[in-house]
Amino acid sequence: MKTFTYAIIGNSVAAIGAIEAIRSVDRTGSIGLFSDEPHHVYSRPLITHYLAGEVSEEKMLYRPPDFYERYGVQAFLGAQVESVEFENRRLQTAGGESAFEKLLISVGGRPIVPKIAGGDLRGVFTMNTWDDAREMKSYLPAVRSAMVLGGGLTGLKTAEALVEAGVRVTVVELAERVLSMLLDRRSAEVVVKQFENQGTRILTGTTISEIRGGECVESASLSDGSTAECQMVVLAIGVTPRLDLVQDTPVRTNRGIFVDRRMETSVPGVFAAGDVAEAYDALLDQNRVLPVLPNAYAGGRVAGLNMAGGERTYDLGASVNSTTFFGYPVVSAGSSAIEEGAEIIEGDDENGYRRFIIQDDRLTGFVMTGEVNRAGIVLDLVRERIPLNGLKDRLLDGIGLIDLPEEIRHKKLRGGTCCHEKH
Amino acid sequence: MACRLCEVGCKVEHSEHKHVIKSFKREKPVARLLVEESGPLSFATQCRHCDEPACMFGCITGAITKDPETGIVNLNAEKCIGCWTCILMCPYGSITRTNGARPTAAKCDMCPGREVPACVEACPNRALVLMEDEEPAVALEDAA
Amino acid sequence: MRNIEALNNPFGDAKVISNCSIFGMMDRTGRRFSGRDISRAIANMHDRGNGLGGGLAVYGIYPEFADHYALHIMFTSAQGRKATEAILAANFQISRDEDLPTQPTAEIVNPPLVLRYFVKPTHSRLEGLSEDDFVVRKVMEINTSVEDSFVFSSGKNMGVFKGVGFPEQIAHYFCLEDYEGYLWTAHGRFPTNSQAWWGGAHPFSLLDWTVVHNGEISSYGINRRYLEMFGYHCTMHTDTEVITYAVDLLMRKQGLPVEIFADIVSAKLWTDIDRMDPESRQLRSALRQVYGSMLLNGPFSVIIAHEGEMIGLTDRVRLRPMVAAAAGPMLFLSSEEAAIRLVSPEVDRIWVPQGGEPVVGRLECTSEAPKSDQPLAA
Amino acid sequence: MALACFKLPEFLVERDYDKCINCRVCERQCGWEVHSYDEEVDKMFADTEKCVGCQRCAVMCPTGALVISPHPGRYREHGNWTQEHLRDAIRQSETGGVVLAGSGNDKDYPVYWDKLLLNASQVTNPSIDPLREPMELRTYLGAKPESIEVRDGKLVSQLPPQVQVETPILFSALSYGAISFQAQEALARAAAELGILYNTGEGGLHHDLYRYRGNTIVQVASGRFGVDPDYLNAARIVEIKIGQGAKPGIGGHLPGEKVVGEVSVTRMIPAGTDAISPAPQHDIYSIEDLSMLIYALKEATNYQKPVSVKIAAVHNVAAIATGMVRAGADIIALDGFRGGTGAAPKIIRDNVGIPIEFALAAVDTRLRQEGIRNRASIIAGGGFRNSADVIKAIALGADAVYIGTAALVAMGCTLCQKCYTGICNWGITTQNPYLAKRLNPEIATERLVNLVTGWSHEIKEMLGGLGVNSIESLRGNRLHLRGIGLTHGELETLGVRMVGQ
């Protein structure tokens, strides 16, 4: 039986962050990587771009084909871990048993599939894996119009991909606006406008009540009683952490696997990162599940460094999102949706819409659309909790390093490390 | 001193023609560094080639990598799909977008093949200095 | 010689350039010897001169008149002699006057009349001057204001013999084999711009100080302007004249010892001074600061002599030759080693002095004898 | 543009639009706002009338698209009324004021340096190769005694204070206020690196420059700006400024707009007030007053520092100089009529004073005639353009020279002569922080060091050719000079012979 110094379950961005971190300090310790998916590590956010035909097979890869070899990783792809014995430091796959000294769980989340009549018809998809996208892509020739359930990021990016693939799309969102976790009402309208420009309908405050068809999807009925013809329904109402492996084990869970600031679970030597983890959000000062890619990498990296004997804490937390819809940039960060007792600064001009949320003279969140250059400087104000002082008036014009207080500016101009992990 | 010749140098270096007049007149290239000005204060900012590059952490495609040998943070424009997460992640505001049909992120690449980056060479006041090792790869002074 | 400038510098050059052979020999016990050897030695360096000037200085030749100034004066006309003798009579007690003995020599043509006068200043005429300064003044007066007369030797118990010709011819002409002295210097000249005249030959002298010199001082202009500030009139336009006045100002008037003199005219390099101990550094720095204008810059080697002392010195970077040798009590200084070997095949020591390092020979009876040996032992 | 203006533009700005890439560097670099960008037509334009011909834009233009040349438009040619006379008269009839000018006298007076030729060794003595042989330029400034006493090989005499410089080239007075802090810092740093001295001018000494005290000459001028005991004692040499070659008999006036922030602190006067230097020092109305000030300064510095007295070269300079030496000056600084200035009435600049060549020769000769040349060093200033000028001055009798304009040129100055406006596109004669920071002291220091090092190398080469290996053997050694194209009177005053003699 092989014993790995480091075992990693899940072939995700968090896993790569951990591997690259481990190898930056430990060149010899053995690493075993177990993934139920058969693919070389790929970029999950690219699956919609793949669907749209924008990204080729080889460009799906998140790291080069020789990555595992170069990083000394023994990768077990398509090998689902069936169980883990946390006390004995063992894990079982169909192929056998392996032992480990340190373990990282980064299995991500799985789509929430609502119970809808007709949900088992051909043409009903979820959008979470490369295989999902492949299946969808091969089904496209039969599709003229599609209905996407869920106006979140996955739903909208899928809708965009389908539009670009030539499909007529209707998006159905139960909430009163799309991207309600990320955007306020007005910025959501900006996004909706982008879709409407493409002839895409976005219906809010409603949901799919029934999917109809013989073998395949032929139409869908909405809760408002209307029915529309479609050949495809995509269910994208969210993901939930994959907790199967830790169910009924000493590993503490809440909504996700609960980790401390070192990304370590309640079981010493066992770490978790990525969409499966419930990690610390410095901005809210509490743990939460926050499925965004930069945080997954950073969390994996902190976990990896700590697995390799380092002492790092994870302080990133805050929600960050940047994307485009039909080429139109939309970024948001921090508590953009939380508006209680906050001061709001808004602007809307030819450069786009922007909204800044200020509490106690500190920026707690913002949304920018259109012109997003140098948004990172603004995000840093949020993350570093820099007092705004006179800076408020400059926010709408676009903040430069030159606008920052002298001390911070000097530190930035001379400094060289931008990661917010504490050393 | 806010002449912005560093930007001119950078644009030319990262243009197709690499000829100052032709590049400007034909291409409208984008500079990978930016001179910030406020009254008499001015300086150039560009990628610090961070030890722990947030842009790379955030890059959804794997287009941004850090060369373990040189420490240079590279951006593979071929892989970039233009999601601008790196722009949101960079606390220095040092990543920009190219013009053209398929805009991609663009950043300082330390001018591969050159002994001294074009911006440093173009600076008439030695406000831009190439520095090695522990220090940030390109350090900037308020004198810029 | 009222027209001394014109005589010595007929074309009005900024300065008179000449290069030469020099030789000096001294018996440090004070034993006197004839001029035969130095005549042979300087003749051995015949080709370093061009026959336009030669001369010798000898010390200890007039013991019977040791307390008299021995004036060697050349005349080219009877009127000149008359005028000069009137000045002498008015200012000096003349104990003896006579023609310098000469013997006809084929190569010596058109010689002036040369006489010697053994004199003492008339005290009532001194007007507060020392006897030395009085003699200097009168010599200058004759040399610059009287027609056809030139005083070319004015020290006590010594004499300068010089003229137009090669030095060995001059020695023969003045019968120097018949004289005996304890210190001899000789000079063969190669002027580039001088019409030959007898007064222009070396040694150059003032009182009992004589200078024979080989080289060209590129600092001449400032050396001269500096000396002029102290009342010297440089009528001859020669480096030798400047060196002689430098000797007079620094050693005779300001009483600086020869080593200090050497450190002024052949100053140490700053790079060397900077490495010295603080006391030496302070001294050398002060010398250069105060006497920078007296630095003799350019190639030279020189033999300076006065009563009881012979000093050989080269420029600071030794661009002109000088060889020194010791053989028993004898000290030799020469432009070329061969000349020394000719008269003293066996030597105890022979060496090339460092640039700017003086070689000093002193009579052993003087109180400073141990110091004088220092450079020799070096 | 005011139509009532009768002036023709002085310079022509020509832009090659095929080369112009609208990068706007010229616009940003011109403090005179000559260039502007028009978004509507996407084109750069130039307002020729504002151009002073400093060439900053032309040298900064990355495509070489700009040519700045004298404007070809001329008033009708007139042998007596030159373009300049016309222009000045027109300007004055508009303003009723005094025409000001910066930099030195730019009139076509004879430059005697160009009429003096140096010697070189041939045959009778060897020239010296400074690359192989020692070659000494070290110079000591200060009064020297006539003789010294040595006992038992030890120095007995105590010398007056001597200040060592490694090459006889010093930076002349350029005051903080007239020039930017960056410029003065560069001068100080370069002086330190070169082992020479810079001169604070009369604007006081900024506290950050006290660290260069070993290389500082401080000035005490009629305005007494920034003078206190700390200031005096922060220097190697204290210089009393009586006059300045560019404007003999005229005081100074730094407008209140330039007396800002640190300038006011350093000058010890309220910010925003005009800094007026009266024409005379009001405690010096004659030579005995000068003596009292000299000894007051010596007392204040415990006789540790030579006191220099700087005067403009004027007609009876020789007699004045002997008086100054006898009044106790350790150094005589002579400033010829071609010396630079930040601001002077043009009529004074161009018509008052005499060439440094004659002043220097006359003073050196006179001090020697009086037998007191040892008692003071002579520093000559006013229009030194290259190392040949310097070495000729040394041969005429200077111990060292002051260079001002040459130092400014090293830092970037192109002699546009607009120093008095406070706008300097090269960051030198300005207090505008936006302009001043164009002068990177590090670069300026290097350039100054290069210039003086280059000149020093050349001086060594020329000394070697003369057959001397130490500068003091040339100092006052006029035999190494010959005059060409000079009258007998000029030759006599200069104390040099004619070529061929």
Side-chain angles (χ1 to χ4, degrees), chain C residues 11-15 17-19 190 192-193 215-226 228-231 249-250 253-257 259-260 263 267 269-274 279-280 282-300 315-317 319-320, chain D residues 119 121 123-128 133-134 136-140 142 144-160 162 164 166 364-365 367-374 395 397 399 463 466-482 495 497 501:
Chain C
F11 306 110
D13 290 325
K15 67 178 287 215
I17 299 168
S18 70
N19 294 277
F190 197 138
T192 58
N193 63 339
E216 185 181 350
I217 313 295
S218 302
S219 56
Y220 172 81
I222 185 56
N223 302 145
R224 178 180 162 173
R225 291 186 82 209
Y226 183 78
E228 283 172 348
M229 272 210 307
F230 293 89
L249 175 69
L250 300 175
K253 284 193 179 154
Q254 296 189 356
L256 296 170
E259 292 79 12
I260 298 297
D263 263 337
L269 295 167
W270 284 118
T271 48
D272 295 332
I273 294 172
D274 289 345
E279 207 170 61
S280 310
Q282 197 188 14
L283 170 64
R284 315 288 162 186
S285 299
L287 291 176
R288 292 201 61 175
Q289 287 160 5
V290 175
Y291 295 111
S293 297
M294 265 335 295
L295 166 62
L296 301 178
N297 209 321
F300 73 84
D315 61 83
R316 58 207 307 238
V317 291
L319 294 169
R320 274 288 189 277
Chain D
N119 196 23
S121 301
V123 180
T124 57
N125 60 352
S127 42
I128 300 168
E133 306 281 343
E136 301 179 322
L137 300 185
R138 187 184 291 181
T139 299
Y140 286 85
K144 278 89 176 171
E146 265 189 16
S147 63
I148 57 177
E149 200 184 327
V150 180
R151 207 177 300 139
D152 300 329
K154 285 181 188 135
L155 181 66
V156 179
S157 320
Q158 171 99 35
L159 263 57
Q162 302 292 319
Q164 176 182 325
E166 293 305 332
D364 178 69
T365 300
L367 295 181
R368 286 181 190 281
Q369 283 166 342
E370 299 199 19
I372 56 173
R373 178 63 183 84
N374 269 18
D399 289 84
L463 283 180
L466 295 170
V468 302
N469 55 16
S470 189
I471 190 83
E472 64 243 49
S473 295
L474 181 70
R475 191 184 307 134
N477 193 344
R478 299 184 190 170
L479 277 187
H480 283 306
L481 294 175
R482 291 290 188 277
R497 297 161 71 96
Q501 279 191 339

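Here is the naming used below: chain letters follow the sequence lines, and residue numbers restart at 1 for every chain. Hydrogens, waters and symmetry mates are skipped; everything else that's a heavy atom, side chains included, is used.
Remark: E216(C) engages T124(D) in a side-chain hydrogen bond (donor to acceptor under 3.5 Å, both in side chains) (not counting sequence neighbours). When the salt bridge (Lys or Arg N to Asp or Glu O under 4.0 Å) test is applied to D315(C), no partner is found at least two apart in sequence or on another chain.
In this structure, chain C has no heavy atom under 4.5 Å from any part of Q501(D). Contact annotation for Q254(C): only side-chain heavy atoms (C-beta onward) come within less than 4.5 Å of a heavy atom of chain D. Of the atoms belonging to S127(D), not a single heavy atom falls under 4.5 Å from chain C. Within the 4.5 angstrom heavy-atom criterion, no atom of Q369(D) approaches chain C. At a 4.5 Å heavy-atom cutoff, I471(D) makes no contact with chain C through either its backbone or its side chain. Interface remark: P145(D) contributes backbone and side-chain atoms alike to the contact with chain C (heavy atom separation under 4.5 Å). Using a 4.5 Å cut-off between heavy atoms, R475(D) contacts chain C through its backbone alone, with no side-chain atom that close. Using a 4.5 Å cut-off between heavy atoms, I217(C) does not touch chain D at all. Of the atoms belonging to Y291(C), it is side-chain heavy atoms, and not backbone ones, that fall under 4.5 Å from chain D.
Note on ring orientation: taking the six-membered ring where Trp is involved, the planes of Y140(D) and W270(C) are tilted (angle from 30° to 60°).
Proximity of a side-chain donor or acceptor of H480(D) to a complementary backbone N or O of G221(C) within less than 3.5 Å is not detected. No donor-acceptor distance shorter than 3.5 angstrom exists from the side chain of N119(D) to the backbone of L481(D), with no hydrogens or angles considered.
Between D274(C) and R138(D) there is a salt bridge, since a side-chain N of the basic residue sits under 4.0 Å from a carboxylate O of the acidic one.
Chain D forms the most heavy-atom pairs under 4.5 Å with one residue out of L296(C), I260(C), L319(C), L250(C), and that residue is I260(C).
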